[in-house]
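Contents: one structure, followed by commentary.
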Amino acid sequence: MLKRATAVTLPLALAACAAAPGPYSGEVPTAAPYAEREFGEAAKVVTTDTARGVPVEWEARASKPSPDCFLVTLTPTFIGEYPQDYTVALPRLEPVAGDQKANFLADASACGEPENPLSGYVGDLEVGKAMQVYAGTWTGDGIPATGLLLTTPSQKVRWEQQGER
């Protein structure tokens, strides 16, 4: 009986090991660890899948279409090839006023719905296909936002109007 259980279990275990690909070993784009831009100017941002290290490089642009809303457009310019689906971590967005954190809305739905909402799932990504996300603030009590900070584990990009930094 023991021989039969081993004979069935061993091939299944070997098949499972053979099916799991290792860490990503392809090209990894690089980007400056810190950049300052004016609204509308592009910055290069790289995010990765934390489990496998598969990268996606984005062209990021921020605008301020209203006093309480920032719109960030992220367009993939490089998508790492990997034999399984993956999801990259998305950048964190924070309204700022110079070097200070500013008023921040956890739910930016008041800003509207993006045409093509941001996703980190590789099945949703296409080189050259822009995706959008809003970050919200308010202009009442507290610190009104004059800019936006995009953060990844290895990068920070700040957008503000010239003279607001």
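Residues take their numbers from the sequence shown, with the count starting at 1. Quick caveat: nothing in here was measured; it's all calculated off a predicted structure.
Looking at heavy atoms from C-beta onward, C111 lies out of side-chain contact with D68 at the 4.5 angstrom threshold. The shortest distance between side-chain heavy atoms of P55 and P29 falls below 4.5 Å.
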Next on the checklist: Assess the residue pair V46 and T30 against the criterion (side-chain contact (heavy atoms from CB on, under 4.5 Å)); give the C-alpha distance rounded to whole Å, side-chain angles, the decisive distance to 0.1 Å, and a yes or no.
Outcome noted: CA-CA 7 Å; V46 178; T30 59; over 6 Å; no
Next on the checklist: What verdict does the side-chain contact (heavy atoms from CB on, under 4.5 Å) test give for I79 and V122, after you've listed the backbone C-alpha separation in whole Å, the side-chain angles of each residue and the deciding distance to 0.1 Å?
Outcome noted: CA-CA 8 Å; I79 300 170; V122 70; 3.8 Å; yes
Checklist entry - Given the rule in the side-chain contact (heavy atoms from CB on, under 4.5 Å) test, do V56 and Y86 qualify, once you have shown the distances and angles that lead to the verdict? => result CA-CA 11 Å; V56 172; Y86 61 90; 4.2 Å; yes
Checklist entry - Between R61 and T75, is a side-chain contact (heavy atoms from CB on, under 4.5 Å) present by the stated rule, with each step listed? => result CA-CA 9 Å; R61 292 180 189 271; T75 306; over 6 Å; no
Checklist entry - Going through the distances and angles, do D107 and S109 end up as a side chain to side chain donor-acceptor pair (under 3.5 Å)? => result CA-CA 6 Å; D107 178 7; S109 62; 3.0 Å; yes
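Between A60 and V45, the closest heavy-atom pair is CB-CG2, 3.9 Å. When every heavy atom of A62 is checked against every heavy atom of W159, the shortest pair comes out as CB-CD2, 3.4 Å. In this structure, S119 and D124 approach most closely via the heavy-atom pair OG-OD2, 2.7 Å. Of all heavy-atom pairs spanning V96 and E160, the tightest one is CG2-OE2, 4.2 Å. Among all heavy-atom pairs drawn from P95 and N103, the shortest one is CB-O, 3.5 Å. Nearest heavy-atom pair, K129 versus P76, reported as atom, atom and distance to 0.1 Å: O-CD, 3.2 Å.
Here L149 contributes atom CG and L93 contributes atom CG; the two are 8.5 Å apart, rounded to the nearest 0.5 Å. Taking OH from Y121 and CG from D85, the interatomic distance works out to 3.5 Å, rounded to the nearest 0.5 Å. T137 OG1 to K101 NZ: the interatomic distance, rounded to the nearest 0.5 Å, is 13.5 Å. In this structure, CG in L74 is found 8.0 Å from CG in L90, a value given to the nearest 0.5 Å. Taking CZ of F104 as the start and CD1 of I143 as the end, the distance is 14.5 Å to the nearest 0.5 Å. Distance check, rounded to the nearest 0.5 Å: OH of Y34 to OG1 of T151 gives 10.0 Å.
Looking only at distances, a side-chain donor or acceptor of R158 sits under 3.5 Å from a matching main-chain atom of G98. For the pair Q155 (side chain) and A32 (backbone), a donor-acceptor distance under 3.5 Å is present.
Hydrophobic clustering of Ile, Leu, Val, Met, Phe, Trp and Tyr side chains at less than 4.5 Å, counting indirect connections, unites L118 with V88. Under the 4.5 Å side-chain heavy-atom criterion for grouping Ile, Leu, Val, Met, Phe, Trp and Tyr, V54 is connected to L125 within one hydrophobic cluster. Under a hydrophobic clustering in which Ile, Leu, Val, Met, Phe, Trp and Tyr are joined whenever their side-chain heavy atoms come within less than 4.5 Å, directly or via other members, Y134 and L105 fall into different clusters.
More than 12 non-hydrogen atoms from other residues, nucleotides or ligands lie less than 6.0 angstrom from NZ of K44.
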